[in-house]
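Nothing here was measured: the structure is a model prediction, and the numbers come from that model. Letters go in sequence order (proteins before strands), and every chain restarts at 1. Note: hydrogens, waters and symmetry copies are ignored here, and every other heavy atom, side chains too, is used.
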Amino acid sequence: MGKTISRFAPSPTGFLHIGGARTALFAWLLARSKGGEFVLRIEDTDRERSTQEAIDAIIDAMKWLGLEHDGEIIFQSSRADRHNEVIDQLVASGNAYYCDCTKEQVDAMREKARQEGRKPKYDGSCREKDLGPGPDRVVRLKAPLEGSTAYNDMVKGPISIDNTEMDDMILRRSDGTPTYNLAVVVDDHDMGVTSVLRGDDHVNNTPRQILIYKAMGWDVPNFGHVPMILGPDKKKLSKRHGALSVMEYEKMGYLPEAVINYLARLGWSHGDQELFSREELVELFHPEGLGNSPSVFDLKKFEWVNSQYMQQADPERLATLMQEFLTREVGEEEAAKVSHALLAKVAPLLQPRAKSIVDMLEQARPFMVDTTFLAYDEKAVNKFLTDDSKALLEALAEKLDALDEFTEESVENVMRGFVDEKGIKFKEVAQPTRVAVTGTTKSPGLFETLAVLGKDQTMARIRRAVEL
RNA sequence: GUCCCCAUCGUCUAGCCUGGCCCAGGACGACGGCCUUUCACGCCGUUAACAGGGGUUCAAAUCCCCUUGGGGACGCCA
């Protein structure tokens with residue numbers, strides 16, 4: 001066996017949701033971990049439902065996640081001629097045949113079988129008729145009538161099904177177009193795919209596809225089927241059921257490496273390890289670690305994972321992201337009023353406190369607005385900006401105003417000294433100052449907050465607060 | 001209906017293949033505490049699970065069978 005080639009083959013009927021992204025991630029990891037290739041094929045043969053918009057959305061999402069594919073993107077719709085060529089070969093070799101049964105006739109066969117408690121299937125009445133091409137005729141695979149088809153699933157282990165369970169599936173429709181199962185096999189074979197990792201819902205297709213490989217005399221690739229993702233109610237996650245586009249998570253301010261990490265741990269494990277860098281994932285991934293039962297998407301844990309990455313992230317990068325989000329929110333002109341440098345100074349203070357970029361931006365608000373626009377929380381004001389504390393603030397302001405250098409250290413020295421001098425507890429002046437300067441009772445450490453705010457803003461805010 | 005797959009704390013999972021180290025470990029959450037200038041972070045602790053029943057065995061979460069429950073498939077959709 002040569003190098004591992006895996007693939008991701010979405011049908012472009014909508015955005016890339018979290019389940020699809022996870023499948024793509026595992027396929028990507030499989031290839032990368034073995035130094036192989038990861039190819040992308042768009043299964044756009046359903047022209048009714050496929051849209052360019054969806055194709056773009058899928059590509060964008062994969063790009064955001066960093067799941068780069070090798071080579072050109074293959075569009076299945078462009079390969080119909082090749083598919084038909086294979087079908088003709090199958091007919092010529094006696095592994096497929098024309099069938100002129102109508103849909104109604106086949107439905108009747110299925111109904112009858114179901115009544116009799118058997119598996120509903122086509123009864124093979126045209127198998128030996130030796131029909132040629134003709135209008136309204138389909139081509140069916142001449143599937144084996146006995147024995148069984150088995151394979152070793154990379155995640156589920158050995159799977160075997162009696163051939164009597166399968167009927168002679170249609171390879172070419174009466175309108176001349178190839179069917180999905182045929183197209184997938186031909187494409188995977190032609191692309192040299194050695195490992196097919198896909199969603200659970202394809203387990204039943206696999207033996208059928210193996211039959212086609214065998215009929216063509218092709219090597220059968222390795223198959224693996226990953227279980228689906230469930231919503232909090234244990235129901236399958238679907239578009240209308242909480243399965244968000246991965247780009248929705250981007251909009252909510254989650255980091256792509258957090259999405260990757262969380263998704264990887266959802267259904268895959270490596271001992272007790274929870275946090276994995278992309279490099280570690282590539283190094284440690286192997287399909288044996290994939291779980292075989294469906295898992296529930298847990299937003300709380302995902303948030304925790306994201307907060308871990310927020311803490312580790314480069315402040316410069318966070319500042320850039322905050323600016324992007326701000327731009328989306330208020331437009332370029334307004335966003336430009338907040339400097340990158342300021343945001344980069346604020347970010348480290350907020351890193352242990354923010355669980356997403358959106359959250360961080362929200363908490364950065366007091367740092368971004370000018371004193372005149374600072375919003376004061378009514379409760380906080382009533383509780384901490386009393387007459388007594390205002391007097392204290394005025395006295396403190398004088399001391400701060402005398403500072404030449406307004407740094408964390410100098411501010412701390414002044415405040416500590418002030419507390420000693422007045423014989424009060426630090427808390428007694430800390431909370432009023434905090435409220436005066438941020439408008440709320442919650443903020444990063446006082447000294448760092450004042451230092452980042454700078455002398456001018458600090459003084460202005462204390463003065464404004466005293467007047468409230 | 002028939003076939004296929006699945007089943008460990010609320011959730012993600014380790015352990016299962018190669019029985020004993022498991023009266024089941026980690027993580028998130030929840031709860032309590034510590035730290036502390038607020039809020040977080042961090043740290044410490046508590047909570048909580050082998051779906052049920054039969055076997056096999058000196059010994060079963062681990063092997064076998066059955067039941068139950070969940071999911072998927074049975075398309076001239078992908």
Which part of the nucleic acid does Ser160(A) contact within heavy-atom distance under 4.0 Å: base, sugar-phosphate only, or nothing? sugar-phosphate
When both distances are under 3.5 Å in a Watson-Crick or G-U wobble arrangement, the nucleotide paired with U11(B) is A27(B)
Taking only the P atom of each, what is the distance from C3(B) to C65(B) in whole angstrom? 16 Å
Do you see a donor-acceptor pair shorter than 3.5 Å between the side chains of Thr386(A) and Asp388(A)? no
If you measure from the C1' atom in G15(B) to the same atom in C9(B), how many Å do you get, rounded? 14 Å
Lys119(A) has a side chain; which of A78(B), C28(B), C3(B) sits nearest to it? C3(B)
For atom P, what is the distance between U13(B) and C31(B), given to the nearest Å? 24 Å
Heavy atoms from C-beta onward define the side chain here; which of A30(B), A27(B), C4(B) lies closest to that of Lys301(A)? A27(B)
Tell me yes or no: between the side chains of Gln312(A) and Gln308(A), is some donor less than 3.5 Å from an acceptor? no
Mind checking the C1' distance from G53(B) to G69(B)? Whole angstroms is fine. 14 Å
Ring geometry between His270(A) and Trp268(A) (parallel below 30°, tilted from 30 to 60°, perpendicular above 60°): parallel
Which one, C4(B), C74(B), A78(B), comes nearest to the side chain of Val203(A)? C4(B)
Tell me if a side-chain donor or acceptor on Gln351(A) pairs with a main-chain N or O of Ala313(A) at a distance below 3.5 Å. yes
Can you tell me the pairing partner of C43(B) across any strand shown, Watson-Crick or G-U wobble, with both distances under 3.5 angstrom? G33(B)
Can you check the Asp175(A) CG to C76(B) P distance for me, whole Å? 12 Å
Determine whether the aromatic ring centres of Tyr249(A) and Phe302(A) lie less than 6.0 Å apart. yes
Tell which nucleotide pairs with A78(B), taking only Watson-Crick or G-U wobble pairs whose two distances are both under 3.5 angstrom. none
Can you tell me the Watson-Crick or wobble partner of U62(B), both distances under 3.5 angstrom? none
Measure from NZ or CZ of Arg416(A) to the centre of the six-membered ring of Phe426(A), then state whether that distance is under 6.0 Å and the direction lies within 45° of the axis. yes
With sugar-phosphate meaning primed atoms plus P, OP1 and OP2, does His202(A) contact a base, only sugar-phosphate, or nothing at under 4.0 Å between heavy atoms? base
How would you label the contact of Val296(A) with the nucleic acid (heavy atoms, under 4.0 Å): base, sugar-phosphate, or nothing? sugar-phosphate
Report yes if a side-chain nitrogen or oxygen of Arg110(A) is closer than 4.0 Å to either non-bridging phosphate oxygen (OP1 or OP2) of C76(B); otherwise report no. yes
Taking atom C1' of C9(B) as reference, at what distance in whole Å does atom NZ of Lys300(A) sit? 19 Å
Taking the C1' atom of each, how far is U68(B) from U56(B), in whole Å? 23 Å
Using a cutoff of under 3.5 Å, can you pull out all pairs of nitrogen or oxygen atoms linking the protein to nucleotides 66-70 of chain B, with atom names and distances?
none

Checking contacts here: which listed nucleotide (A7(B), U13(B), C77(B)) is nearest the side-chain heavy atoms of Asp46(A)? C77(B)
For Thr45(A), report the nucleic acid contact type (base, sugar-phosphate, nothing); a contact means any heavy atom under 4.0 Å. sugar-phosphate
Expressed in whole Å, how much space separates the P atoms belonging to A14(B) and G26(B)? 15 Å
For U57(B), give the paired nucleotide (Watson-Crick: N1-N3 plus N6-O4 or O6-N4; G-U: N1-O2 and O6-N3; both under 3.5 Å), or none. none
If only side-chain N and O atoms of Asn205(A) are considered, is one of them under 4.0 Å from the OP1 or OP2 phosphate oxygen of C74(B)? no
Name the one of Arg7(A), Arg79(A), Arg198(A) that satisfies salt bridge (Lys or Arg N to Asp or Glu O under 4.0 Å) with Asp188(A)? Arg7(A)
Touch check for Cys101(A), heavy atoms < 4.0 angstrom, all strands: base, sugar-phosphate only, or nothing? base
Test applied, salt bridge (Lys or Arg N to Asp or Glu O under 4.0 Å); reference residue, Asp168(A); option that passes from Arg140(A), Lys142(A), Arg127(A): Arg127(A)
Examine U13(B): is either OP1 or OP2 under 4.0 Å from a nitrogen or oxygen in the side chain of Ser295(A)? Give yes or no. yes
Nearest to side-chain heavy atoms of Asn204(A), which nucleotide of A78(B), C3(B), C12(B): C3(B)
Pairs in or reaching into residues 161-180 of chain A: which pass ring-ring contact (aromatic ring centres under 6.0 Å, His included), with residues at least two apart or in two chains? Tyr180(A)-His202(A)
Work out how far the P atom of C16(B) is from that of G25(B), and round it to whole angstrom. 16 Å
Can Asn163(A) and Thr149(A) be counted as having a side-chain donor-acceptor contact under 3.5 angstrom? yes
Taking the side chain of Lys156(A) as its heavy atoms from C-beta onward, which of C6(B), C76(B), A78(B) lies nearest to it? C6(B)
Asp167(A) CG to C4(B) C1', straight-line distance once rounded to whole Å: 15 Å
Given RNA chain B, 5'-ward residue of the pair Ser269(A) and Arg172(A), judged by closest heavy atom: Ser269(A)
N/O donor-acceptor pair, side chain Thr179(A) with base C76(B), under 3.5 angstrom: no
For the side chain of Ser389(A) and the backbone of Phe384(A), is there at least one donor-acceptor N/O pair under 3.5 Å apart? yes
Ile170(A) has its side chain closest, among A73(B), C74(B), C76(B), to C76(B)
Can you tell me the distance, in whole Å, between the CE atom of Met154(A) and the P atom of C5(B)? 17 Å
To the nearest angstrom, the CE-P distance between Met166(A) and G75(B) comes to 14 Å
Pair of N/O donor and acceptor under 3.5 Å linking G25(B) base with Asp272(A) side chain: yes
Could you tell me whether Met228(A) contacts a base, only the sugar-phosphate backbone, or nothing, with contacts defined as non-hydrogen atoms closer than 4.0 Å? sugar-phosphate
Write down the distance separating the C1' atoms in C22(B) and A59(B), rounded off to the nearest Å. 13 Å
For the side chain of Arg265(A), counting heavy atoms from C-beta on, which of C12(B), U8(B), C76(B) is nearest? C12(B)
Minimal heavy-atom distance between Gln273(A) and Leu284(A), with the atoms involved, is OE1-CD1, 3.9 Å
Hey, which sits more toward the 5' end of RNA chain B by its nearest nucleotide, Ile161(A) or Arg208(A)? Ile161(A)
What does Glu274(A) touch in the nucleic acid at a heavy-atom separation under 4.0 angstrom: a base, only the sugar-phosphate, or nothing? base
If pairing requires Watson-Crick or G-U wobble contacts with both distances under 3.5 Å, which nucleotide is the partner of C3(B)? G72(B)
If the sugar-phosphate is the primed atoms plus P, OP1 and OP2 and the base is the rest, what is the B/S/- string for nucleotides 32-46 of chain B, using protein heavy atoms under 4.0 Å? -----BBBBSS----
With Cys101(A) as partner, the option from Glu104(A), Gln105(A), Lys103(A) fulfilling side-chain contact (heavy atoms from CB on, under 4.5 Å) is Gln105(A)
